[in-house]
Amino acid sequence: MYNPQRIEKKWQKIWGKTGLYKTADKIKRKKNFYCLDMFPYPSGEGLHVGHLHGYIGSDIVSRYFKMKGFNVLHPMGFDAFGLPAENAAIKRKIHPKTWTYKNIRLIRKQLRTIGATYDWEREIITCEPEYYKWTQWMFLQLFKKGLAERAKVACNFCPSCKTVLANEQVVDGKCERCGSEVIQKEIEQWLFKITDYAEDLLKDLEGIDWPERTKTMQRNWIGKSEGYEIKFEIRNSKFEIPVFTTRADTLFGATYLVVAPEHPIISNLKSQISNLKFVEEYIEQSKRKTERERLSEVKDKTGVEIKEVKAINPVNNREIPIFVADYVLFHYGTGAIMAVPCHDQRDFEFARKYNLPMVEVIKPILQEKKLPERAPLVVSDGRFERAYEGEGYLTNSGRFDGMNSEIARQEIGAGLEKKGLAKKRVHYKLRDWLISRQRYWGAPIPMISCQKCGWQPVPEKELPVLLPKIKDYLPVGEGKSPLAKSRKFVETTCPKCGGSAQRETDTMDTFVCSSWYYLRYADPKNDKKFAAKEKLRSWLPVDLYVGGAEHAVMHLLYARFFTKVLKDLRRISFKEPFLKLRHQGTILGPDGQKMSKSKGNVIPIDETIKKYGADTMRLYEMFMGPFEATTAWDTRGIEGCSRFLKKVWKLMSNVKCQMSLYRKRKFSRNLNVKNEKLERLFHQTIKKVTEDIENFRFNTAISALMILVNELVKQPALEIRSLKLVVKLLSPFAPHLTEELWQKIRGCRGLTSTSWRGLTLPEFKSIFQEKWPKYKKELTKEAVITFIIQVNGKVRDKIEVEAGISEEEAKKLTLEREKVKKWFGSKEIKKFIFVPGKLINIVISDNEFVSNKRIRLFVNS
RNA sequence: GCCGAGGUGGUGAAAUUGGGAAACACGAUAGGUUUAGGACCUAUUGCCGAAAGGUUUGUGGGUUCAAAUCCCACCCUCGGCACCA
């Protein structure tokens, strides 16, 4: 009987004791393979079957590459800092560290039970001083390069978590973690200047093997747009308002300007504004709005004219009014826009509401006397219906009339550039990464504030700045970290002047910790460097990175940023951290809903393993569907995989009987009756499984194995060679079962009769030290094929023929078939279509054989 | 609204250089085995039809000897972004 519980525990123990998955630091780079999982956050609930999906996939690939002869690095660790630990600590009155380590122990145990190949000696935990010393070191490098900046900025502040958040952590105006409404708050904060790398982050997406949707998401997030920055002078004033536009061709249609509420022009020209009180009131109002409120007003644009202040449109020197409105964002572009109501829907709505002039400057080009798609503005009783945002030719634009808009864009822009009124500019939506967090459970920011010398970095030799043990983790509200309560921590001396100074009390965003962890695995115990150069060289960049699509922008963007910075600092020699990225799909509960404790639809790992065994669970998770697809757990579906493994087990136990008969010389040496078809099936399966593993198509690999096994159980006798092949092919998917069978088969051959205790690697040769099977290309093709005979494209007959059948022969055989004859009788054959090795199609044109399509057409007309 | 992925049996899905639609599995039905249940084995299983045969890949159209696959239009689902000038 197949008893997974027994053999799985046994092999996990043996693999662990013999050090099968220890990774050696040597061998040439090209024979090394770095397979990385996104490391888990040690949450209190542990893992469920959904979390394992990616880990199983990467484990299959790791085992496969190992058998292919690669030196595989497959490490695991924990992203251990973060808010939930702190919140749990407050709630349960235990230290965040205690809580975190308790969870780590739980998850580590769970990961062991699935039989993953992790080299636990390389485990890293981001909340350990040995690790965050280097996180702090990274901060210092960024600081020294001018990439870490302190600035007073309007921050996203979560009143419930009492901390600021990065833009990436605000979802729909709500805190990504707790869901509370995010408010805007001006606080002095540390920022990483990721925007300096916007272009590289965009450009280098080209060369990496990542899912297209992930690349697209990053591209959109970076949001590059090219255009001109155009200066609008202000009448009777030395000030000017620069605006950014991608549509310089519409400049003649710019009938007013709009500035963001935060725009400096308002305070600069205070004295000139006749309705200052009104304007200031509006600004106050918009400041009080939350991000969500602003978003919900997308349709209804509000604004106030700044009276008595007029701008000059540089192309025609016309005086135009200026408005302040919060639909213009201060942080994007120049914080001011030129409004072209006829050719921008937002400006159009605003102009209509406040009754502002509209000038049409782009006419769509008629295509075949028809308006193009997304038809442009329509004039009804002298009024426009909507803005036309497409291309066309210019009108009402002086000497540019009649010019194509795309050309005019360059011409007008270049013309103004010559006069010094415009310059070419590129803008990005990407904003700098705010990394300060006013929370306890994170890596302290290694900075010291001195009254005399300003902000000073903690000297590298003094790292790590240890996170002090404090009793009260409650944040101090008002944007102060709980660390501020510890005088012992705060009070220090200035590294520059030696005078008394204060430490920064904020901690770093946990995404900083995870932005470089993949480097640490190469050399996890190094206390002189974050990792030794030669070790980085032999392992990095990561060959395969597997993890959830939810990290498409945050983690993956930050990690790429860090890699680029380190490359520029000459600390590493590559510019992209993850060469190949694959996302695992989400596993939903049996009810088709996302698994969650509150819905009660969580499938726990432990119970599943107890019932079916880890191998069955692994197999089923991979068999459910395509790796990246979202699929619901089917409590009955797993039965099929369980049956399959039982079948394999049974197949082998039958063999054991046969083997003993063989020893009694009752069987011939060659147990297999010569079976060419089976031989070919083997080669086809090896090819299929090999290619499918490399392409992450585990579901079809498993189905190929099922087909092979279904065929094998029908055989009266089998060669040992064949059995070994099946076991090897199945081994990455079901490692415990196959290791057991492998050792049994070897036992059959009389090599060892084993008591498993006290084995060392040289004595015990694991199946995962064996070579992955190879196939012969010529044997992956069938010798005899089912040849299809079609009449007018419909299958009418099938014949078994040799694969290499010629056209002549095929025609002859076809015309002899009674079944085929019946379909054309005496009618004229118009043509034969012969597809070698596949089919023949006889085309008959006859009234009776008018295709149904035509009949339908006929009836319709 | 924009960007991306997708839409195939009762279910998860397979087939994408254009060439047998539904592999593999679940479920269901019938039979065998069993004291019974379970397990296992055999057969059937897209739909209509007694059969011959017809018909079927979100909808409509097109290209082709031949379309799930290519082209055009539309509908729907999921994911992301969203006043980004």
Side-chain angles (χ1 to χ4, degrees), chain A residues 1 171-172 211-221 223-225 227 243-247 250 254 258 260 294-295 297-301 325-329 331-340 343-347 349-350 373-374 389 427-431 549-550 552-553 583 586 619-620 623-626 628-641 643-644 646-647 650 697 699-707 709-710 713 786-798 822 830-845 851-852:
Chain A
M1 261 296 282
V171 178
D172 277 338
E212 205 43 52
R213 64 181 162 131
T214 307
K215 288 198 201 178
T216 309
M217 268 191 235
Q218 292 217 347
R219 278 187 203 112
N220 293 344
W221 192 262
K224 181 181 183 175
S225 53
V243 304
F244 174 70
T245 179
T246 55
R247 294 295 300 267
T250 62
V258 189
R294 279 180 87 159
L295 286 176
E297 286 167 12
V298 166
K299 286 256 156 66
D300 186 33
K301 294 178 175 45
D326 61 9
Y327 82 90
V328 172
L329 309 170
H331 59 74
Y332 185 77
T334 61
I337 61 154
M338 62 178 213
V340 186
H343 304 290
D344 183 289
Q345 190 59 27
R346 294 157 300 176
D347 299 341
E349 279 158 24
F350 191 81
E373 288 310 317
R374 321 212 113 264
E389 299 187 332
H427 275 284
Y428 300 92
K429 284 189 216 172
L430 182 69
R431 287 198 256 165
E550 68 274 18
V553 270
H583 297 305
T586 318
L619 199 74
Y620 174 60
F623 185 63
M624 287 173 91
E628 66 289 355
T630 304
T631 318
W633 186 270
D634 182 350
T635 31
R636 286 183 303 201
I638 192 168
E639 294 283 351
C641 291
R643 268 177 229 165
F644 171 67
K646 278 183 201 154
K647 202 187 268 184
K650 223 171 111 189
R697 290 192 304 241
N699 55 334
T700 48
I702 293 166
S703 105
L705 285 166
M706 285 172 170
I707 293 169
V709 170
N710 287 346
V713 287
T786 309
F787 194 75
I788 304 299
I789 301 169
Q790 295 184 334
V791 178
N792 277 356
K794 288 207 161 78
V795 180
R796 296 303 182 190
D797 204 358
K798 302 169 186 183
K822 162 176 143 193
K830 228 177 148 188
K831 115 166 120 158
F832 280 96
I833 307 278
F834 175 75
V835 182
K838 279 261 153 81
L839 59 77
I840 193 158
N841 187 11
I842 308 168
V843 187
I844 301 159
S845 176
S851 71
N852 286 319

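To find a chain, count down the sequence lines: A is the first, B the second, and so on, and within it residues start at 1. Excluded from the calculations below are hydrogen atoms, water molecules and symmetry mates; all remaining heavy atoms, backbone and side chain alike, are included. None of these values were measured; they are calculated from a predicted model.
Formation of a donor-acceptor pair under 3.5 Å by the A:Arg247 side chain with backbone atoms of A:Glu389 is found in this model. Formation of a donor-acceptor pair under 3.5 Å by the A:Tyr620 side chain with backbone atoms of A:Asp634 is found in this model.
Position along RNA chain B of the nearest nucleotide to A:Ile337 versus A:Lys798 favours A:Lys798 as the more 5'-ward residue. Ranked by how close their nearest RNA chain B nucleotide is to the 5' end, A:His427 and A:Thr630 are led by A:Thr630.
Checked against B:C65, B:A85, B:C81, the side chain of A:Trp221 finds its nearest nucleotide in B:C81. Here the side chain of A:Val795 is nearest to one of B:G79, B:A85, B:G20, namely B:G20. Closest contact between the side chain of A:Thr700 and the listed nucleotides B:A15, B:U55, B:C40 involves B:A15. Candidate nucleotides B:C83, B:C3, B:C65 were compared by shortest atom distance to the side chain of A:Asn220, and B:C3 ranks first.
A distance of about 26 Å separates the C1' atoms of B:G20 and B:A28, rounded to the whole Å. For the P atom pair drawn from B:C41 and B:U77, the interatomic distance equals 43 Å after rounding to whole Å. Across the C1' atoms, B:U69 and B:C47 are found 23 Å apart, a figure rounded to whole Å. With both ends at atom C1', the span from B:C26 to B:G46 equals 16 Å, rounded to whole Å. When the P atom is used for both B:G9 and B:C48, the distance is 14 Å, rounded to whole Å. B:G7 and B:U59: their P atoms are spaced 13 Å apart (whole Å). Straight-line distance between the P atoms of B:A22 and B:C76: roughly 32 Å, to the nearest whole Å. The same atom, C1', is picked in B:U11 and in B:G61; the two are 32 Å apart, to the nearest Å.
Looking at heavy-atom distances under 4.0 Å, A:Asp344 makes no contact with the nucleic acid at all. Within 4.0 Å (heavy atoms only), A:Pro626 reaches sugar-phosphate atoms of the nucleic acid but no base atom. Note on A:Lys646: nothing from the nucleic acid sits closer than 4.0 angstrom, heavy atoms only. A:Lys429 comes within contact range of at least one nucleobase, with a heavy-atom separation under 4.0 Å.
Remark: P of B:A5 and NZ of A:Lys215 are 12 Å apart, rounded to the nearest angstrom. Atom CZ in A:Arg697 sits roughly 14 Å away from atom C1' in B:A13 (whole-Å rounding). Atoms CD1 (A:Ile842) and P (B:G20) sit 17 Å apart, rounded to a whole Å. If you take CG of A:Asn792 and P of B:A66, they are 8 Å apart, rounded to a whole angstrom. In this entry the distance linking OH of A:Tyr332 with P of B:C83 reads 12 Å, nearest Å.
Between A:Ile842 and A:Phe832, the closest side-chain pair of non-hydrogen atoms falls below 4.5 Å. Counting heavy atoms from C-beta outward, A:Leu839 and A:Ile789 have side chains that stay 4.5 Å or more apart. The side-chain heavy atoms of A:Thr250 and A:Met338, taken from C-beta on, include a pair separated by under 4.5 Å.
B:G9 adopts a syn glycosidic conformation, its chi angle falling within 90° of 0.
Dashed line: the shortest gap from a side-chain N or O of A:Lys831 to OP1 or OP2 of B:C65 is under 4.0 Å. Distances shown here put a side-chain N or O of A:Thr631 below 4.0 Å from the OP1 or OP2 atom of B:A13. Look at A:Ser225 and you'll find a side-chain N or O under 4.0 angstrom from OP1 or OP2 of B:A85. The shortest distance between the side-chain N/O atoms of A:Arg796 and the OP1/OP2 oxygens of B:G54 is below 4.0 Å. Close to B:A14, at under 4.0 Å from its OP1 or OP2, lies a side-chain N or O of A:Asn699.
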(request) Kindly indicate, with the supporting measurements, whether the criterion side chain to side chain contact (heavy atoms under 4.5 Å, CB included) is fulfilled by A:Trp633 and A:Met624. (result) CA-CA 8 Å; A:Trp633 186 270; A:Met624 287 173 91; 4.3 Å; yes
So which protein N/O to nucleotides 24-33 of chain B N/O distances come out below 3.5 Å?
residue	atom	partner	partner atom	Å
B:A25	OP1	A:Asn710	ND2	3.0
B:C26	OP1	A:Arg643	NH1	2.5
B:G27	OP2	A:Arg643	NH2	3.4

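For A:Asn220, the side chain to side chain donor-acceptor pair (under 3.5 Å) criterion is met by no residue, not counting sequence neighbours. With sequence neighbours excluded, the residues satisfying ring-ring contact (aromatic ring centres under 6.0 Å, His included) with A:Phe350 are A:Tyr256, A:Phe323, A:Tyr327, A:Tyr354.
Under a 4.0 Å N-O distance rule, the pair A:Arg219/A:Glu212 qualifies as a salt bridge.
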